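Being a predicted model, the structure only gives us computed values, none of them experimental.
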Amino acid sequence: MDFFVRLARETGDRKREFLELGRKAGRFPAASTSNGEISIWCSNDYLGMGQHPDVLDAMKRSVDEYGGGSGGSRNTGGTNHFHVALEREPAEPHGKEDAVLFTSGYSANEGSLSVLAGAVDDCQVFSDSANHASIIDGLRHSGARKHVFRHKDGRHLEELLAAADRDKPKFIALESVHSMRGDIALLAEIAGLAKRYGAVTFLDEVHAVGMYGPGGAGIAARDGVHCEFTVVMGTLAKAFGMTGGYVAGPAVLMDAVRARARSFVFTTALPPAVAAGALAAVRHLRGSDEERRRPAENARLTHGLLRERDIPVLSDRSPIVPVLVGEDRMCKRMSALPLERHGAYVQAIDAPSVPAGEEILRIAPSAVHETEEIHRFVDALDGIWSELGAARRV
């Protein structure tokens, strides 16, 4: 019994509660709850592709043809032609030879990094201090020696690279768009440092694929440096509105990932219907820019309205709008009141997703939010901000 008492004490206030909701098909951002209909302001379905007719039609056809599950791992009879097509689709826009499909973005990072960073003896890894947990776990499981550079600090990275043994292999891992802060890495600078010091690079474009660059290929493609990064990782669960993840890179590295990544080898493959829907989303966004235009406009409007009211926003570089609250209880209350009073759902983000003392409301105005809705949402948040006495931007 002592084990359970101690565990409960350690968990303390960190117990997580989840809002049970059902997104309304064809009406996103509307969703139903036990207390009525609400509007979602914190979804990663940035473009509303999880509701797109092309995606839903592809999934329905696949269910009719192939049924529900995949039947096993990719190695044991679970590989469907949609899996193969979905691996071919992202490789070309990223400028890579091959890609490997995983069941989630987390498993793509953890599995591929555990193989790639640990494939060569004495490899030294250089990791951004704000990297996602999946990157941290993959690097830890690789067994490689890790050096952590300050977030978005190219000078610090160069200091660490210069101090390392020049004859040992080097591996740099970072995100292009930070998942919580919404800021964007200085990719050209990182690419230059990697070239100067002979480092392999791994770029997580989870919050960028589908959103930026030609055909939605990401920030590196937008900036014309995608070929400078050895491996690019993306997800199907954000802008593409589905689930799954992938890594793209040189064929020899992708062969190693397929053969050795435990999160690929030892798990059931994505259901064919999910892969079919994701493939439809990827192909649609390769040929359409309209969906990408709207969230950028909505984010600019949201950033501007919040700043007019002196509500602190950490970054205005992406469609992620991180509003700094900075205190756990206050942040949870700031999340609860818009839902109770206005039917507006925005989740409080606390540790370990962000460091304690840096709690945020992670607002994500999507392509399907209307201008009038954004004005009403910010007005409601502004009133609650004053009521709770939250700090304004100085």
Worksheet item: Between K152 and E175, is the closest basic N to carboxylate O distance under 4.0 Å?
Response: no
Worksheet item: Which atom names give the shortest non-hydrogen contact between H151 and A130, and what distance separates them?
Response: ND1-CB, 3.5 Å
Worksheet item: What about H94 and Y246, are their ring centers closer than 6.0 Å?
Response: yes
Worksheet item: Is it true that H156 and F149 have ring centroids separated by less than 6.0 Å?
Response: no
Fill in: Donor on one side chain, acceptor on other, N44 and R362, under 3.5 Å
yes
Discussion item. If hydrophobic clusters are built by linking Ile, Leu, Val, Met, Phe, Trp and Tyr wherever their side-chain heavy atoms come under 4.5 Å apart, do M233 and I135 end up in the same one?
Written reply: yes
Discussion item. Hydrophobic cluster membership, with links at side-chain heavy-atom distances under 4.5 Å among I/L/V/M/F/W/Y: are V55 and F82 in one?
Written reply: yes
Discussion item. Closer than 4.0 angstrom, basic N to acidic O: yes or no for E359 and K332?
Written reply: no
Discussion item. Less than 4.5 Å apart, side chain to side chain, heavy atoms only: is that true for F126 and F171?
Written reply: no
Worksheet item: With a 6.0 Å cut-off on ring centres, are H132 and H178 close enough?
Response: no
Practice prompt. Group every Ile, Leu, Val, Met, Phe, Trp and Tyr by side-chain heavy-atom contacts under 4.5 Å, then state whether V200 and L157 land in the same group.
Written response: no
Worksheet entry | Trace of the salt bridge (charged side-chain N to carboxylate O under 4.0 Å, His left out) decision for R333 with E387 | CA-CA 11 Å; R333 192 67 178 143; E387 177 183 337; 5.9 Å; no
Worksheet item: Do the side chains of P365 and I363 get nearer than 4.5 Å, heavy atoms only?
Response: yes
Discussion item. Taking L305's backbone N and O only, do any of them form a donor-acceptor pair with R309's side chain (distance below 3.5 Å, no angle check)?
Written reply: yes
Discussion item. What I want to find out is whether D382 reaches R392 closely enough, with some N-O distance under 4.0 Å, to be called a salt bridge.
Written reply: yes
Worksheet entry | Distance, nearest 0.5 Å, that separates CE of M49 from NE2 of H284 | 5.0 Å
Worksheet item: Is it the case that T79 and R74 place a side-chain donor and acceptor less than 3.5 Å from each other?
Response: yes
Worksheet item: Hey, is CZ on R307 packed in by over 12 heavy atoms from elsewhere, all under 6.0 Å?
Response: yes
Worksheet item: Looking only at atom types and distance, does a side-chain atom of T268 sit under 3.5 Å from a main-chain N or O of G72, one as donor and one as acceptor?
Response: no
Discussion item. With clusters defined by side-chain heavy atoms of hydrophobic residues (ILVMFWY) lying less than 4.5 Å apart, directly or transitively, does V206 cluster with F264?
Written reply: yes
Worksheet item: Should E158 and R155 count as an ion pair when the cut-off is N to O under 4.0 Å?
Response: no
Worksheet item: Hey, does S39 have a side-chain heavy atom less than 4.5 Å from the side chain of H369?
Response: yes
Fill in: Pair R222 + E205, salt bridge at N-O below 4.0 Å
no
Discussion item. Working note: E65 + S62, criterion side chain to side chain donor-acceptor pair (under 3.5 Å); need CA distance, chi angles, decisive distance, verdict.
Written reply: CA-CA 5 Å; E65 188 169 359; S62 178; over 6 Å; no
Discussion item. Is the shortest side-chain heavy-atom distance between L19 and L339 below 4.5 Å?
Written reply: yes
Practice prompt. Could you walk me through whether D137 and Y106 pass side chain to side chain donor-acceptor pair (under 3.5 Å), step by step?
Written response: CA-CA 9 Å; D137 284 352; Y106 193 104; 2.3 Å; yes
Discussion item. With a 3.5 Å distance limit and no angle check, can you tell me whether E373 reaches the backbone of E370 through a side-chain donor-acceptor pair?
Written reply: yes
Worksheet item: Are any side-chain N or O atoms of D98 and backbone N or O atoms of A248, one a donor and one an acceptor, separated by less than 3.5 Å?
Response: no
Worksheet entry | Electrostatic pair R258-E87, nearest N-O below 4.0 angstrom | yes
Worksheet item: Does C123 reach the side chain of K170, with side-chain heavy atoms less than 4.5 Å apart?
Response: no
Worksheet item: Does T230 reach the main-chain N or O of T201 with its side chain, forming a donor-acceptor pair under 3.5 Å?
Response: yes
Practice prompt. Would you check if R140 and K146 make a side-chain contact, meaning some heavy-atom pair closer than 4.5 Å?
Written response: no
Worksheet item: Would one find more than 12 heavy atoms of other residues, nucleotides or ligands at under 6.0 Å from atom CZ of R145?
Response: no
Worksheet item: Do side-chain atoms of E308 reach the backbone of L306 as a donor and acceptor pair under 3.5 angstrom?
Response: no
Fill in: Smallest separation among heavy atoms of P319 and A299, with atom names
CA-CB, 3.6 Å
Practice prompt. Considering only NZ, NE, NH1 and NH2 on the basic side and carboxylate oxygens on the acidic side, decide whether R23 and D45 come within less than 4.0 Å.
Written response: yes
Worksheet item: Going hydrophobic residue to hydrophobic residue with side-chain gaps under 4.5 angstrom, can you get from Y46 over to W41?
Response: no
Worksheet item: Side chains of S318 and D183: closer than 4.5 Å at any heavy-atom pair?
Response: no
Fill in: Exercise: identify the closest heavy-atom pair between A364 and S43
CB-O, 3.4 Å
Discussion item. Please check: side-chain N/O of E97 versus main-chain N/O of P250, any donor-acceptor pairing under 3.5 Å?
Written reply: no
Worksheet item: What is the distance from atom CZ of F102 to atom CD of E110, rounded to the nearest 0.5 Å?
Response: 9.0 Å
Worksheet item: Is R294 reaching over with its side chain to a backbone N or O of V368, donor-acceptor style, under 3.5 angstrom?
Response: no
Worksheet item: Closest approach of G111 and S263, non-hydrogen atoms and distance?
Response: CA-OG, 3.2 Å
Response to the item:
Closest heavy-atom pair, H207 versus S179, reported as atoms and distance to 0.1 Å, is NE2-CB, 3.2 Å
Worksheet item: So, the side chain of R292 versus the backbone of S288: is there a donor-acceptor pair under 3.5 Å, distance only?
Response: yes
Worksheet item: Taking the side chain from H303 and the backbone from S315, do they hold a donor-acceptor pair closer than 3.5 Å?
Response: yes
Discussion item. Give me the atom names and distance for the closest heavy-atom approach of H83 to A275.
Written reply: CD2-CB, 3.8 Å
Practice prompt. With salt bridge (charged side-chain N to carboxylate O under 4.0 Å, His left out) as the test, would you mind laying out the steps for E372 and R376 before giving the verdict?
Written response: CA-CA 6 Å; E372 295 78 10; R376 289 196 299 269; over 6 Å; no
Item to complete: Would you mind checking if K195 and E228 are paired as a salt bridge, meaning a charged N to carboxylate O distance below 4.0 Å?
Response: no
Practice prompt. Please examine the side chains of V282 and P90, heavy atoms only from C-beta on, and report whether any two atoms are closer than 4.5 Å.
Written response: no
Fill in: Residue pair I40, V346: steps toward the side-chain contact (heavy atoms from CB on, under 4.5 Å) verdict
CA-CA 7 Å; I40 302 175; V346 55; over 6 Å; no
